J.: 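Dropping a structure here in structure tokens format, bear with me for questions.
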Protein chains: 2
Amino acid sequence: MSVTLKDVAQAARVSVSTASRALTGTGLTSERTQQRLTRIARELGYRPNPIARGLKTGQSRLVALLVHNLTNASFQVMAEVMQARLKAVGYQMLLCIGGDDAQQESDTLTALVDHRIDGLIVVPTGKNGAQLKALAKDVPIVCLVRRDDATDLETVLADDPQGAYLGTRHLIELGHKRVGLIVGRQDTTSGRERLSGYVRALREAGIPVDDTLIHAGHFVPETGATSCRKLLDLPRPPSAIFVANHEATLGVLRVIAERNIAVPDDLSLLCYEDMPWFEWHRPAISIVDNGARDLANLAVDRLLQRMDAKGTGNDGVREYRVGARLVQRDSCRRIEVASTRAGKPKPSIAKPSAAKSPSKSSAAKSAKV
Amino acid sequence: MSVTLKDVAQAARVSVSTASRALTGTGLTSERTQQRLTRIARELGYRPNPIARGLKTGQSRLVALLVHNLTNASFQVMAEVMQARLKAVGYQMLLCIGGDDAQQESDTLTALVDHRIDGLIVVPTGKNGAQLKALAKDVPIVCLVRRDDATDLETVLADDPQGAYLGTRHLIELGHKRVGLIVGRQDTTSGRERLSGYVRALREAGIPVDDTLIHAGHFVPETGATSCRKLLDLPRPPSAIFVANHEATLGVLRVIAERNIAVPDDLSLLCYEDMPWFEWHRPAISIVDNGARDLANLAVDRLLQRMDAKGTGNDGVREYRVGARLVQRDSCRRIEVASTRAGKPKPSIAKPSAAKSPSKSSAAKSAKV
DNA sequence: CGATAGACTGCAAACGATTGCAGAAACGCT
DNA sequence: AGCGTTTCTGCAATCGTTTGCAGTCTATCG
């Protein structure tokens with residue numbers, strides 16, 4: 001079948017062990033034989049068998065990335081970034097789709113460690129914490145994007161509190177007083193943290209938090225649709241909606257289309273995490289970018305370090321954050337008075353009038369004074 | 001570290017070989033010892049080491065799926081389907097992103113065979129035909145969605161000629177005489193085949209093929225935008241556009257939004273391959289479904305069969321097609337049929353008759369095309 | 001010139017499983 | 001009881017590498 005080390009050794013008239021040492025560079029080998037062997041190996045097209053090697057060394061040069069699904073565009077770019085990074089240092093990346101099913105995730109997990117992966121980056125569903133914790137003894141693990149509270153694994157998170165804060169503040173600075181929030185389930189890290197960022201921005205601006213403006217739900221488009229309808233049907237509907245639940249975005253857009261709502265003229269819209277077509281949507285949709293590339297890079301950094309420092313256990317830091325940033329496009333508009341259509345005359349005398357740094361809002365088309 | 005076969009054998013006071021035979025079920029083993037061993041193995045938490053097993057058997061129980069990217073939604077569902085299917089028969093699926101880079105694809109390919117994968121399903125870029133052909137000697141390979149002309153690999157294709165034919169015929173049956181086609185590069189299987197299906201439907205209906213209505217381009221949104229503009233700017237623009245290039249769809253939608261064109265009142269739109277948000281877009285977009293799930297299933301079927309019938313080489317059939325079907329939603333509209341009885345070439349401009357579709361046509365704030 | 005360190009090299013034993021072959025036990029039959 | 005079958009079990013080799021240990025060779029020094 002394929003060329004083995006033995007073949008190379010025979011061709012070079014040395015023993016297998018010498019060949020091994022020469023090719024791996026380990027051990028003492030004379031300069032000459034080393035060069036000779038690499039040449040011969042190349043000529044013969046020798047490729048070391050990772051399986052045999054793995055059996056002996058206990059390593060596989062395989063790193064797995066386990067995500068629950070790939071519909072979220074961020075995961076696609078993360079996967080690509082990671083694959084490139086890992087390949088550069090000699091690892092093959094295994095991308096596995098865990099599904100939302102706990103059993104499925106669990107099975108995949110054991111299959112992976114059976115295969116003696118050298119490292120694992122996982123977006124935990126939170127349903128297999130115990131297993132993850134146990135596995136962490138055998139293989140370096142880094143959690144991504146979500147924290148699993150049942151473990152104390154090293155975790156790389158988006159700075160969701162900050163991202164949600166930035167987004168909300170942006171809308172407030174544009175003059176919005178009633179900002180609807182559609183956010184994810186409150187039993188997830190991101191769900192909670194984004195809500196808190198939203199609240200913080202409101203507080204900071206002295207705007208009271210109105211519970212009727214906040215909708216938390218599952219990570220599916222339907223959530224977005226129903227939440228959006230409820231928001232719009234409010235007696236005093238919001239002048240801006242912050243969709244801080246990526247998966248809900250489609251549902252929101254659907255309702256907006258259904259009702260022929262003009263964005264941003266009738267309603268400002270801000271979303272979370274980019275989609276490739278957002279900038280081509282009319283109007284182009286402004287977003288809070290959670291920094292997927294940075295997340296991916298940091299996760300790989302952490303994992304590699306962890307894999308190197310095999311024995312070294314608890315090294316202090318367990319949680320990393322990567323910054324979020326606002327990407328302004330055309331779906332948010334400056335308004336003067338908060339509620340435009342609701343009859344109630346709003347006391348426009350906002351107390352601590354924020355808007356100290358209006359920032360050059362991108363081509364604000366209609367900032368009537 | 002982990003429990004080995006030796007541990008189990010010792011605990012059961014039998015030899016390793018007996019333990020192996022009992023647990024794998026191969027060979028002759030007494031019913032009693034078999035049960036006893038399985039029990040002990042379970043108690044000890046024994047998990048066979050796939051690496052060691054692989055070294056001996058030459059198999060890895062790993063199957064790879066290599067795609068060039070995951071942005072195409074079809075690939076995501078295919079990946080999920082395949083993973084589930086393969087897991088059910090005891091294989092772990094490796095999902096690899098080849099990128100559009102030939103070198104990258106090539107590297108990944110060799111890494112995979114180095115790891116002794118048992119099978120490979122690949123969406124070939126067409127740039128590594130020679131390598132694929134060589135690899136096919138070592139490992140069963142099935143091509144998916146695209147054919148690599150440099151090889152004679154077994155290939156599972158969508159029925160693009162039929163799909164394009166169905167779509168075009170649908171539009172024709174709705175009364176459209178001028179159907180614009182936006183299609184992929186003509187050096188790809190799908191690009192050519194979809195064009196041919198379009199032409200066939202036209203011919204069959206006695207409609208002359210107008211080259212100015214046909215735009216072939218790269219698999220990127222920009223293609224869709226520029227093609228769409230050109231079509232709309234024609235002296236006699238089409239009354240329907242068939243976007244048979246999935247990746248171009250976003251560009252088309254963008255132009256339609258830009259120009260405030262009312263779909264389907266002013267223009268009928270038919271796309272190829274679903275996206276999860278198509279049914280929520282307003283209007284919901286009709287598509288030709290290429291049958292991603294079926295494709296995935298068939299590919300797995302073929303691969304598994306091929307993996308079983310190891311030695312058996314050329315078994316005749318080399319190309320499989322899975323049927324396409326039309327999914328009618330709201331983006332295509334019947335227009336006044338020019339002539340029901342004779343093929344009278346009637347150049348009359350379609351009048352804006354609103355009678356036909358009772359649906360709440362969207363405000364129609366726009367002028368005519 | 002011989003001893004000795006130092007630099008390489010080869011032998012052989014792992015790693016954890018599978019598997020051909022031969023020996024042992026159990027069974028039925030005359 | 002003796003014999004041939006059948007049924008099970010164990011020994012040992014093997015897959016392709018790595019690696020501890022011991023042996024060989026060269027060169028250097030006294």
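Given the structure is predicted, the values throughout are model-derived calculations rather than measurements. No hydrogens, no waters, no symmetry mates; every other heavy atom, side chains included, goes into these values. Within every chain, numbering begins at 1; the chains are lettered A, B, ... in the order of the sequence lines, protein sequences first and strands thereafter.
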J.: May I have the distance from B/Leu37 (atom CG) to C/dT18 (atom P), rounded to whole angstrom?
T.: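 After rounding, the gap between these two atoms is 13 Å.
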J.: Rounded to whole angstroms, how far apart are NZ on B/Lys6 and C1' on D/dG10?
T.: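 Rounding to the nearest Å, NZ of B/Lys6 and C1' of D/dG10 are 16 Å apart.
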J.: So what does B/Pro48 hit on the nucleic acid, given a heavy-atom distance under 4.0 Å: a base, only sugar-phosphate, or nothing?
T.: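 Contact class for B/Pro48: sugar-phosphate only.
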J.: Examine the base of D/dG10 for any acceptor or donor lying under 3.5 Å from a partner atom in the side chain of B/Arg21, and report the outcome as yes or no.
T.: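 Yes, the side chain and the base share a sub-3.5 Å donor-acceptor pair.
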J.: Taking only Lys NZ, Arg NE, NH1 and NH2, and the carboxylate oxygens of Asp or Glu, determine whether A/Lys127 and A/Glu105 approach each other closer than 4.0 Å.
T.: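 No, no charged N to carboxylate O under 4.0 Å.
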J.: Can you confirm whether A/Lys133 is buried at NZ, in the sense that more than 12 heavy atoms of other residues, nucleotides or ligands lie under 6.0 Å from that atom?
T.: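 Incorrect, the count does not exceed 12.
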J.: Quick one: does A/Ser17 reach the base of C/dC11 with a side-chain donor-acceptor pair under 3.5 Å?
T.: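 Such a pair is found, so the answer is yes.
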J.: Does C/dT19 have OP1 or OP2 sitting under 4.0 Å from an N or O in the side chain of B/Ser20?
T.: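 No, because none of the side-chain N or O atoms of B/Ser20 sits under 4.0 Å from OP1 or OP2 of C/dT19.
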J.: Rounded to whole Å, please give me the gap between CZ in B/Arg36 and P in D/dC8.
T.: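 The answer, rounded to whole Å, is 14 Å.
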J.: Using whole Å, what does the distance between atom C1' of nucleotide D/dG16 and atom CD of A/Gln10 come to?
T.: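 Those two atoms, CD and C1', are 13 Å apart.
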J.: On DNA chain D, nearest-nucleotide positions of B/Ala52 versus B/Thr33: which is more 5'?
T.: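 Here B/Thr33 is the residue nearer the 5' end.
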J.: Just wondering, are more than 12 heavy atoms of other shown residues or ligands nearer than 6.0 Å to CZ in A/Arg293?
T.: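 No, the 6.0 Å shell around CZ holds no more than 12 heavy atoms from other groups.
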J.: Which listed nucleotide (D/dT19, C/dA17, D/dT18) is nearest to the side chain of B/Arg53?
T.: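 Selected nucleotide: C/dA17.
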J.: Rounded off to whole Å, could you give me the CD1-to-P distance for the A/Ile51 and D/dT18 pair?
T.: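 Rounding to the nearest Å, CD1 of A/Ile51 and P of D/dT18 are 14 Å apart.
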J.: A/Arg116 side chain to A/Asp114 main-chain N or O, any donor-acceptor pair under 3.5 Å?
T.: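 It does hold such a pair.
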J.: Between D/dC11, D/dG16, C/dA17, which one does the side chain of B/Leu55 approach most closely?
T.: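 Selected nucleotide (nearest to the side chain): D/dG16.
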J.: How long is the line joining CZ of A/Arg13 and C1' of C/dT9, in whole Å?
T.: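 Result: 16 Å.
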J.: Kindly determine whether A/Asp107 and A/Gln103 satisfy side-chain hydrogen bond (donor to acceptor under 3.5 Å, both in side chains), including the steps that lead there.
T.: CA-CA 6 Å; A/Asp107 288 351; A/Gln103 183 59 44; 2.9 Å; yes
J.: Spell out yes or no: do the side chain of A/Thr18 and the base of C/dC8 have one donor N/O and one acceptor N/O closer than 3.5 Å?
T.: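 Absent.
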J.: Per the end-axis method with five pairs at each terminus, what is the bend angle of the helix from C/dC1-D/dG30 to C/dT30-D/dA1, to 10°?
T.: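 It works out to 60° between the end axes.
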J.: Given atom CG of B/Leu5 and atom P of C/dA14, what is their separation to the nearest angstrom?
T.: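 So the CG-P distance, B/Leu5 to C/dA14, works out to 17 Å.
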J.: Which atoms form the tightest heavy-atom contact between B/His68 and B/Ile97, and what is the distance?
T.: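 Closest approach of B/His68 to B/Ile97: O-CG2, 3.7 Å.
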J.: I need the minimum non-hydrogen distance between A/Pro124 and A/Leu132, along with the two atoms involved.
T.: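 A/Pro124 and A/Leu132 have their closest heavy atoms at CB-CD1, 4.1 Å.
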J.: Looking across every strand, which nucleic acid part, if any, lies under 4.0 Å from A/Thr4 by heavy atom: base, sugar-phosphate, or nothing?
T.: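 Sugar-phosphate contact only - A/Thr4 comes under 4.0 Å of backbone atoms but never of a base.
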J.: Expressed in angstrom and rounded to an integer, what is the separation of B/Lys56 atom NZ from C/dA17 atom C1'?
T.: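 Going from B/Lys56 (NZ) to C/dA17 (C1'), I get 9 Å.
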